[in-house]
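Okay, structure first, notes after.
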Amino acid sequence: MLKEYRTISEVAGPLMLVKKVEGVKYGELGEIELSNGEVRRCRVLEVNEDNALVQLFESAAGINLSESKVRFLGRGLEFPVSIDILGRVFDGLGRPIDDGPNIIPDKRLDINGTPINPAARDYPSEFIQTGISAIDGLNTLVRGQKLPIFSGSGLPHAQLAAQIARQAKVLGTETNFAVVFAAIGITFEEADFFISDFRKTGAIDRAVLFMNLANDPAIERIATPRMALTAAEFLAFEKDMHVLVILTDITNYAEALREVSAARKEVPGRRGYPGYLYTDLATIYERAGRIRSKKGSITLIPILTMPEDDKTHPIPDLTGYITEGQIILSRELYRKGVIPPIDVLPSLSRLKDKGIGEGKTREDHADTMNQLFAAYARGKEAKELMVILGEAALTDTDKLYARFADEFEKEYVSQGYDEDRTIEQTLEIGWKLLSILPRSELRRIRDEYLDKYLPVKE
């Protein structure tokens with residue numbers, strides 16, 4: 001029989017202090033029973049001698065200090081897992097919200113997971129095809145990688161996330177691939193867009209969705225990404241699946257963390273975020289990867305909107321330290337009608353060299369990637385010069401580079417949200433664009449590949 005306490009001494013925002021408790025542990029779940037019989041959930045944040053500070057999952061409205069009672073359940077927040085979670089939609093606390101039956105679990109897993117031993121980690125090395133040229137061709141995603149997408153408010157990161165979730169596959173192992181999608185602090189319209197997109201395209205059959213809405217409590221927002229990663233760990237390391245985890249929007253998660261930190265009166269760090277923001281983000285991101293003795297893997301794409309499009313803001317800044325690169329969306333390209341508006345020059349995948357080449361993508365991939373980067377960078381410089389000095393001041397070669405930059409954005413980067421390109425199609429488009437330039441300018445590509453793949457000019 002669980003012990004009940006009627007010793008609530010104060011409630012402040014999402015926090016509540018319970019006195020004279022015994023044997024209560026950090027992270028333990030609790031239930032608050034109101035005088036009318038309603039039950040709300042809470043979690044222990046801090047234990048100081050016989051006082052427990054708990055965090056409420058729901059609103060504090062209606063909690064009468066003298067008449068409400070609290071019982072602690074002796075366990076942390078858990079997610080019930082089985083293979084039946086595929087194709088289901090859950091809320092941020094892992095409760096089904098798709099009118100389907102409750103999950104009959106194989107087991108219940110603590111949502112905080114267990115850290116992967118660094119010595120047991122396997123190096124990411126297999127190509128994941130997203131069907132998006134700007135990612136596959138130039139900032140390649142590798143199985144087991146953490147590759148965030150940095151966006152700005154109003155940019156179409158939601159559509160890009162849905163497209164990646166729909167199209168991503170590990171080549172040669174299509175049947176064993178799953179997507180875990182967690183939406184954190186989004187509007188009802190966005191949640192509806194994601195769920196209907198997954199259902200309409202049939203992607204829901206191999207996906208697990210977690211939906212945390214903007215009007216849900218902050219504490220639920222903190223649990224959502226951990227719920228998603230717990231589901232992913234089960235599918236990857238116990239069911240041998242290749243799992244792609246997409247978390248959107250990490251900025252909303254960090255805001256919830258700041259809200260709870262302020263309620264606890266902790267000393268704030270940069271921009272009011274708690275000093276442990278780096279550590280907290282690392283406990284999420286570092287759950288992705290591959291383990292030597294296991295067939296499955298977790299690849300992670302966190303999406304975050306940069307406040308005021310500022311890359312030096314604490315959330316993108318710290319995320320960049322923990323993850324292996326970033327995909328950056330550009331407001332300028334979006335205004336030009338480039339869809340998806342991926343800015344390839346500041347984007348980076350630190351593991352791209354490990355996932356490309358013969359046997360993985362194609363032998364000419366690395367050379368064409370380097371040449372496209374260099375040519376696009378020079379083309380953008382030529383266009384800037386054209387604005388300042390006028391077209392007449394440019395050499396004929398610079399004019400070709402400027403034309404290349406325009407065509408590159410139109411044909412290579414821009415492809416809409418419904419086009420799913422194979423890596424061969426992406427490479428062919430790259431070669432077609434490189435044929436705009438004289439062969440003497442293609443110094444980063446070996447002659448044997450130029451002879452084999454460069455289209456012959458009419």
Side-chain angles (χ1 to χ4, degrees), residues 123-145 147 168-172 324-328 333 338 340 342-383 395-415 419-458:
Y123 206 87
S125 65
E126 283 142 314
F127 168 68
I128 291 183
Q129 180 176 291
T130 63
I132 298 163
S133 292
I135 297 177
D136 292 351
L138 301 175
N139 295 291
T140 314
L141 179 65
V142 180
R143 189 160 75 86
Q145 185 177 5
L147 186 64
K169 54 178 87 63
V170 176
L171 295 183
E324 292 118 4
Q326 69 277 332
I327 303 288
I328 295 180
L333 289 177
V338 174
I342 295 172
D343 195 350
V344 297
L345 293 180
S347 296
L348 167 72
S349 167
R350 293 194 184 102
L351 300 179
K352 63 187 172 198
D353 298 336
K354 306 290 179 284
I356 63 176
E358 197 168 357
K360 292 177 179 173
T361 53
R362 206 168 75 181
E363 57 186 359
D364 57 317
H365 191 157
D367 288 11
T368 52
M369 174 175 73
N370 294 334
Q371 188 65 66
L372 286 166
F373 264 122
Y376 182 51
R378 184 160 164 196
K380 287 196 78 166
E381 281 172 20
K383 285 177 70 181
T395 65
D396 288 343
T397 307
D398 278 341
K399 285 176 190 167
L400 283 175
Y401 273 110
R403 184 182 143 215
F404 171 87
D406 286 334
E407 294 296 320
F408 178 80
E409 286 172 4
K410 262 190 244 154
E411 286 194 43
Y412 194 95
V413 180
S414 189
Q415 64 178 80
E419 189 178 347
D420 185 358
R421 293 178 183 166
T422 65
I423 187 61
E424 287 78 16
Q425 288 172 317
T426 290
L427 291 169
E428 291 312 320
I429 295 168
W431 276 109
K432 180 182 151 199
L433 292 168
L434 289 172
S435 70
I436 293 170
L437 303 170
R439 179 167 170 150
S440 58
E441 290 291 316
L442 308 179
R443 300 185 196 97
R444 292 168 186 263
I445 304 180
R446 280 166 261 194
D447 283 339
E448 60 195 90
Y449 299 152
L450 288 172
D451 295 338
K452 187 173 177 182
Y453 295 109
L454 188 65
V456 180
K457 291 188 179 174
E458 297 296 321

Measure the shortest side-chain to side-chain distance between [X] and [Y] over non-hydrogen atoms and say whether it is less than 4.5 angstrom.
{"X": "L138", "Y": "S347", "answer": "no"}
{"X": "N139", "Y": "F373", "answer": "yes"}
{"X": "L147", "Y": "Q326", "answer": "no"}
{"X": "K169", "Y": "D420", "answer": "yes"}
{"X": "S435", "Y": "L454", "answer": "yes"}

Can you name the closest pair of heavy atoms from [X] and [Y] and give their distance?
{"X": "L450", "Y": "I445", "result": "CD1-O, 3.8 Å"}
{"X": "V142", "Y": "L351", "result": "CG2-O, 3.4 Å"}
{"X": "A377", "Y": "L345", "result": "CA-CD1, 4.0 Å"}

Between the side chain of Q129 and the main-chain N/O of I423, is any donor-acceptor distance below 3.5 Å?
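It does hold such a pair.
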Are the side chain of Q415 and the backbone N or O of S133 linked by a donor-acceptor pair below 3.5 Å?
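Present.
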Could you pull out all residues at least two apart from E411 that satisfy salt bridge (Lys or Arg N to Asp or Glu O under 4.0 Å)?
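Result, salt bridge (Lys or Arg N to Asp or Glu O under 4.0 Å) vs E411: K432.
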For D406, salt bridge (Lys or Arg N to Asp or Glu O under 4.0 Å) partners two or more places apart:
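Per chain and number, D406 pairs via salt bridge (Lys or Arg N to Asp or Glu O under 4.0 Å) with K383.
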F127: which residues meet the ring-ring contact (aromatic ring centres under 6.0 Å, His included) condition with it, sequence neighbours left out?
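F127 satisfies ring-ring contact (aromatic ring centres under 6.0 Å, His included) with no residue once adjacent residues are dropped.
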Other residues, nucleotides, ligands: >12 heavy atoms within 6.0 Å of E358 CD
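Counting neighbours around CD of E358, 12 or fewer heavy atoms of other residues, nucleotides or ligands fall under 6.0 Å, so no.
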Side chain to side chain donor-acceptor pair (under 3.5 Å) partners of residues 436-445, not counting sequence neighbours, each pair once
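For residues 436-445: R378-E441, Y401-E441, R439-D451.
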Pair listing, side chain to side chain donor-acceptor pair (under 3.5 Å) test, anchored in residues 359-369, at least two apart
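Of all non-adjacent pairs touching residues 359-369, those that pass side chain to side chain donor-acceptor pair (under 3.5 Å) are T361-H365, R362-D364, R362-E428, E363-K452, E363-Y453, D364-W431, D367-R446.
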Residues that A382 engages under side chain to side chain contact (heavy atoms under 4.5 Å, CB included), provided they are two or more places apart:
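Here the qualifying residues are L394, D398, A402.
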Qualifying salt bridge (Lys or Arg N to Asp or Glu O under 4.0 Å) pairs with a residue from residues 125-138, counting only residues at least two apart or across chains
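The answer is E126-R143, E126-R290.
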Pairs in or reaching into residues 343-357: which pass salt bridge (Lys or Arg N to Asp or Glu O under 4.0 Å), with residues at least two apart or in two chains?
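Sorted result for residues 343-357: empty, none.
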When Y376 is tested against each of F404, Y412, F408 for ring-ring contact (aromatic ring centres under 6.0 Å, His included), which residue passes?
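The option that passes is F408.
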For [X], side-chain hydrogen bond (donor to acceptor under 3.5 Å, both in side chains) partners two or more places apart:
{"X": "E324", "value": "K146"}
{"X": "Q145", "value": "S349"}
{"X": "E419", "value": "R421"}
{"X": "Y449", "value": "none"}

Could you walk me through whether E424 and L427 pass the side-chain contact (heavy atoms from CB on, under 4.5 Å) check?
CA-CA 5 Å; E424 287 78 16; L427 291 169; 5.7 Å; no
Distance (rounded to the nearest 0.5 Å) between [X] [atom1] and [Y] [atom2]:
{"X": "Q371", "Y": "L434", "atom1": "CD", "atom2": "CG", "result": "6.0 Å"}
{"X": "L433", "Y": "K410", "atom1": "CG", "atom2": "NZ", "result": "11.0 Å"}
{"X": "I135", "Y": "I132", "atom1": "CD1", "atom2": "CD1", "result": "4.5 Å"}

